[in-house]
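So you know, we letter chains A, B, ... as the sequences are listed, proteins then strands, and number each from 1.
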Amino acid sequence: MTHIEMLASCLLEGDPDKAWACIEKYSGSSKPDVYHNLMTPAMRHIGHLWESNEITVADEHLATATCDFILSKLSFGSEKKPSAGRAMFLCLDGEQHYLGLKMVDSLFREHGWDTRYFGPSLPLEYAVQTAEAWKPDVIGLSVSMVYHLPQLREYAEAFSRLPEKPAVLLGGRLADLYDLRPYCTGDTVILRDLPETETWIRHHVMGGQQSGTTEPIPSSPVFES
Amino acid sequence: MERLNLSLPLPCLKVNRDGRIVSYSALAEDHFDLSKAHIRSLVDEGSISKLGRISSESGPVPVKMELNMKTKKNPLVLFDVYLQWDTENRATMMFVQKDRSNEELIEKLASIQIRLASTDFELLEKKDELEQVLRRMDELSGPFIPLSDTLCMIPLFGDITADKINAISDSCLQSVFRGNYEAILFDLTAVGEVHADGIDKFIMLVKTLNFMTGNVIKLIGIKPNLAKELNHHHLDHWVQFNHSLKEELSTYLHH
């Protein structure tokens with residue numbers, strides 16, 4: 001059994017202690033590495049098990065809640081650094097797939113950002129209200145189900161009308177599968193996965209506008225050091 | 001596509017190998033939009049390959065699988081789907097909507113998670129507020145008091161911490177810079193505990209004041225614990241220790 005399958009089975013058992021032990025045994029050094037090369041594949045594997053009719057949606061929910069707990073534990077206690085900026089993260093209304101978003105939130109915090117993470121399903125009205133009051137530099141959106149796509153444009157347009165002009169980032173399972181540009185505004189930055197997100201954060205620190213993945217996918221030598 | 005004449009308690013479809021719907025039950029027509037006459041149009045994008053694979057692998061033995069379906073009322077509903085191939089190469093599919101109680105539990109779980117997350121925010125906001133209050137308190141713990149044109153006093157209140165000295169330094173230096181003071185008094189009577197990093201910052205402040213004005217800075221009201229700390233630093237060049245504010249004032253006022 002690979003490390004990924006082992007973690008998947010701990011998550012499916014709903015055993016956070018075993019899952020935590022499994023992560024501690026993983027040789028990957030950094031949190032982004034654990035997120036991208038262990039936890040994400042484990043959750044994908046769980047999705048695959050559902051597709052092969054080996055588990056049910058109820059099992060998936062248990063695994064998700066367990067994974068959520070592990071993520072909170074992993075990102076807890078990262079030392080607060082001088083703020084690199086403010087970022088808020090949310091899923092479109094009705095979207096329940098939030099684990100990737102939570103990893104992105106944790107990634108930003110690792111890089112010294114002040115963040116607000118809203119988890120699954122945040123109605124647009126509330127998102128806009130918060131953005132107006134809190135004035136984030138970055139708004140991160142996540143979408144994983146095709147039938148939530150029609151709302152995406154509404155969200156992207158509402159955020160691009162904000163007076164502070166925050167950078168709008170879009171990720172989630174669909175960002176990796178389809179070209180989402182027709183569903184958002186021209187200045188929305190589409191990030192396909194965590195390595196791309198980390199590259200974006202690093203470039204942002206150095207300043208300058210970025211476009212995300214409008215060009216051929218860069219090979220991702222991201223978690224190198 | 002024809003309607004089945006059987007009265008069935010569940011939505012039921014018969015589908016051929018291409019996925020075309022051959023016949024349907026009354027309840028199937030109630031639940032699903034059958035206008036495209038194809039099973040693909042009823043199954044959520046994320047479930048299509050699952051249905052394809054499992055149905056192609058199965059034979060005359062019935063199989064059960066979970067699929068997300070599009071119903072007339074809702075674009076995404078989870079169903080248990082029972083499927084069985086017959087000898088005419090047609091699959092009979094029966095659809096049982098997942099128990100609502102399951103959904104309720106999931107919704108409750110989600111709402112608890114949301115509550116936890118928002119409690120987290122409230123705590124963070126309170127923490128921010130508290131930090132601001134503490135900073136404000138630090139700023140107010142070293143008021144600058146001009147006693148005359150040439151004499152000013154800065155009483156320090158509470159523990160001497162690096163944060164506190166940082167908070168008062170700026171306004172203190174500016175006030176001294178704007179005036180023309182011959183003597184600067186620090187009244188340390190109301191000082192509580194003394195932190196090492198606080199003392200370091202305090203001495204830096206005193207030295208800066210000394211360089212700015214060229215005058216000796218006077219420390220009054222020094223308690224034993226503070227004296228012990230200050231003794232480690234050689235301050236004789238910059239400061240003068242006096243016993244009390246009373247003595248100091250009488251010297252200046254009779255001047």
Side-chain angles (χ1 to χ4, degrees), chain A residues 14 47-62 64-69 71-72 75-76 80 83 86 88-91 94-99 101-102 105 109 114-123 126 130 133-134 144-151 173-174 177-178, chain B residues 42-58 62-71 74-83 96-125 127-128 131:
Chain A
H48 178 73
L49 291 177
W50 180 79
E51 278 214 8
S52 335
N53 217 18
E54 288 176 47
I55 58 166
T56 65
V57 168
D59 293 322
E60 282 188 313
H61 277 289
L62 180 62
T64 303
T66 314
C67 187
D68 187 3
F69 176 82
L71 272 178
S72 302
S75 59
F76 177 77
K80 207 179 167 186
S83 178
R86 292 177 157 192
M88 63 183 257
F89 298 99
L90 56 120
C91 288
E95 181 60 69
Q96 298 296 335
H97 297 80
Y98 59 88
L99 288 174
L101 185 77
K102 191 163 178 164
D105 169 71
R109 274 192 286 147
D114 200 0
T115 72
R116 284 195 176 186
Y117 161 74
F118 290 92
S121 187
L122 190 72
Y126 186 61
T130 310
W134 195 56
S144 293
M145 299 296 277
V146 174
Y147 84 93
H148 290 131
L149 272 182
Q151 310 179 64
R173 194 179 64 99
L174 295 185
L177 292 177
Y178 307 105
Chain B
L42 308 182
V43 179
D44 176 69
E45 200 96 354
S47 295
I48 286 176
S49 63
K50 178 176 184 176
L51 171 63
R53 193 168 53 250
I54 292 170
S55 64
S56 67
E57 284 166 2
S58 69
V63 285
K64 175 190 169 189
M65 70 194 103
E66 281 182 335
L67 294 177
N68 282 315
M69 306 286 296
K70 301 174 199 166
T71 66
N74 198 320
L76 191 86
V77 187
L78 187 63
F79 278 82
D80 274 332
V81 179
Y82 295 80
L83 182 149
V96 185
Q97 192 167 341
K98 274 284 184 178
D99 194 352
R100 287 280 159 78
S101 63
N102 209 354
E103 247 168 65
E104 271 172 36
L105 279 178
I106 288 161
E107 272 169 28
K108 275 189 188 143
L109 190 71
S111 73
I112 289 172
Q113 278 170 337
I114 290 167
R115 242 196 87 186
L116 267 176
S118 65
T119 313
D120 198 25
F121 284 141
E122 281 162 22
L123 279 175
L124 276 177
E125 273 164 15
K127 191 172 152 257
D128 278 351
E131 275 172 0

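In this structure, chain A has no heavy atom under 4.5 Å from any part of B/K70. In this structure, no portion of A/S121 lies under 4.5 Å from any heavy atom of chain B. Only the backbone of A/I55 comes within contact range of chain B, with heavy atoms under 4.5 Å apart. For A/V146, the part lying under 4.5 angstrom from a heavy atom of chain B is the side chain only. Proximity to chain A is limited to the side chain of B/D44, based on heavy atoms less than 4.5 angstrom apart.
With sequence neighbours left out, B/S58 forms a side chain to side chain donor-acceptor pair (under 3.5 Å) with B/W85. In this structure A/Q151 satisfies the side chain to side chain donor-acceptor pair (under 3.5 Å) test with no other residue, sequence neighbours excluded. Every salt bridge (charged side-chain N to carboxylate O under 4.0 Å, His left out) that B/E66 has, sequence neighbours left out, goes to B/K98.
In A/Y147, the OH atom is crowded: over 12 heavy atoms of neighbouring residues, nucleotides or ligands sit closer than 6.0 Å.
Listed here is the closest heavy atom pair of B/G46 and A/E51: O-OE2, 3.7 Å.
Taking CG of B/N68 as the start and CH2 of A/W50 as the end, the distance is 5.0 Å to the nearest 0.5 Å.
Against chain A, the residues from residues 50-57 of chain B that qualify, each with a non-hydrogen atom under 4.5 angstrom away, are B/K50, B/R53, B/I54 in number order.
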